[in-house]
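The structure under discussion appears below in the form of structure tokens.
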Amino acid sequence: MKTIQLKDILAISGKGGLFKFIAQARNGIVVESIEDLKRHVAPATARVNSLEDIAIFTNSEEVPLADIFFMIHEKSEGKQTLSHKSSVEELKSQFKELVPEYDEDRVYVSDIKKVFQWYNLLQQHDILEVIDKEEEEEKEKEKDQKEEATEKTEKTEKTGDKPAKKEEDTTK
């Protein structure tokens, strides 16, 4: 299944726009605005949310924001989509097409506006990267297996131990 990569993209409560995580600071995190590329420190007291962790409520489950961005990306063919300043009816109907079962009691118009605003911002700055979840998971597994093998080899070399030999079956 394909989705959109949202790693290190942050929303900070009280600040408009989106930010990229740059580094950990002593008193918070260093972020860079996606719009004007200015850097500043978001204090540890700020409510910072990774877009990767945000999901939209539906009647049956929660749909990750990345998956919704992918749906918008497919529908708009990778171009800008409906403006967040469009009429409430337009926004709701467009969102209903994308996520037919979204929970209308828990997903507010302000949430829908943010989805479209954030998608357009990321698209405008060419940050939307389509990835294949299965491929990413396979690469991650291979990487983990290689690291484990390397650790075992290093441990064996440090201790001078030889790998345990398999005992032969002598009950013939």
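We number each residue from 1, following the sequence as shown.
Around the CD atom of Glu97, the shell of radius 6.0 Å holds more than 12 heavy atoms that belong to other residues, nucleotides or ligands. Enclosure of atom NZ in Lys96 by more than 12 non-hydrogen atoms of other residues, nucleotides or ligands within 6.0 angstrom is indicated. The environment of CG in Asp126 is sparse: at most 12 heavy-atom neighbours from other residues, nucleotides or ligands sit within 6.0 Å.
Hydrophobic cluster membership differs between Leu121 and Ile12, with clusters built from Ile, Leu, Val, Met, Phe, Trp and Tyr side chains linked at under 4.5 angstrom. Under a hydrophobic-cluster definition in which Ile, Leu, Val, Met, Phe, Trp and Tyr are linked whenever side-chain heavy atoms come within less than 4.5 Å, directly or via other members, Leu18 and Val48 are assigned to different clusters. The cluster map of Ile, Leu, Val, Met, Phe, Trp and Tyr, joined by side-chain heavy atoms under 4.5 Å apart, puts Met71 and Phe57 in the same cluster. Cluster membership check: Phe70 shares its hydrophobic cluster with Ile127, using side-chain heavy-atom separations under 4.5 Å among Ile, Leu, Val, Met, Phe, Trp and Tyr. Grouping the Ile, Leu, Val, Met, Phe, Trp and Tyr side chains by contacts below 4.5 angstrom, directly or via other members, places Val31 apart from Leu122.
Here the side chain of Asn49 pairs no donor or acceptor atom with the backbone of Ile54 at under 3.5 angstrom. Remark: side-chain polar atoms of Gln80 are paired, donor with acceptor, to backbone N or O of Asn120 under 3.5 angstrom. Between the side chain of Ser86 and the main chain of Leu82, no donor-acceptor pair closer than 3.5 Å is present.
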task = For the pair Glu62 and Ile56, evaluate side-chain contact (heavy atoms from CB on, under 4.5 Å) and give the outcome as yes or no after the intermediate values.
result = CA-CA 5 Å; Glu62 293 181 8; Ile56 298 295; over 6 Å; no

task = Any chance you could lay out the side-chain contact (heavy atoms from CB on, under 4.5 Å) test for His73 and Thr81, step after step, and finish with the verdict?
result = CA-CA 8 Å; His73 183 77; Thr81 189; over 6 Å; no

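Counting all heavy atoms, side chain and backbone alike, Gly17 lies closest to Glu35 at CA-OE2, 3.8 Å. Listed here is the closest heavy atom pair of Glu101 and Ser60: OE1-OG, 3.6 Å. Between Lys113 and Leu91, the shortest heavy-atom contact is CG-CD1, 3.6 Å.
A 4.5 Å side-chain heavy-atom check between Leu51 and Leu10 finds every atom pair outside the cut-off. In this structure, Lys7 and Glu52 have side chains that are in contact, with non-hydrogen atoms separated by less than 4.5 Å. In this structure the side chain of Phe19 never reaches within 4.5 angstrom of the side chain of Ile9, judged on heavy atoms. Ile72 places a side-chain heavy atom less than 4.5 Å from the side chain of Phe116. Side-chain contact check for Ser76 versus Tyr119: some heavy-atom pair is nearer than 4.5 Å.
Between Thr58 atom OG1 and Glu104 atom CD the span is 12.0 Å, to the nearest 0.5 Å. Atom OG of Ser110 sits about 11.0 Å away from atom CD of Gln117, to the nearest 0.5 Å. Atom CG of Asp103 and atom OH of Tyr108 lie 9.5 Å apart (nearest 0.5 Å). Taken from CZ in Arg106 to CG in Asn59, the straight-line distance is 9.0 Å, to the nearest 0.5 Å. The CD1 atom of Ile34 sits 10.5 Å away from atom CD of Gln124, with the distance rounded to the nearest 0.5 Å. Atom CG in Asp53 sits 10.5 Å away from atom CG in Leu65 (nearest 0.5 Å).
Legend: side chain to side chain donor-acceptor pair (under 3.5 Å) pairs involving residues 19-34, not counting sequence neighbours, sorted by first then second residue: Glu32-Arg39, Ser33-Asp36.
Ring to ring, Phe95 and Tyr102 are close: their centroids are under 6.0 angstrom apart.
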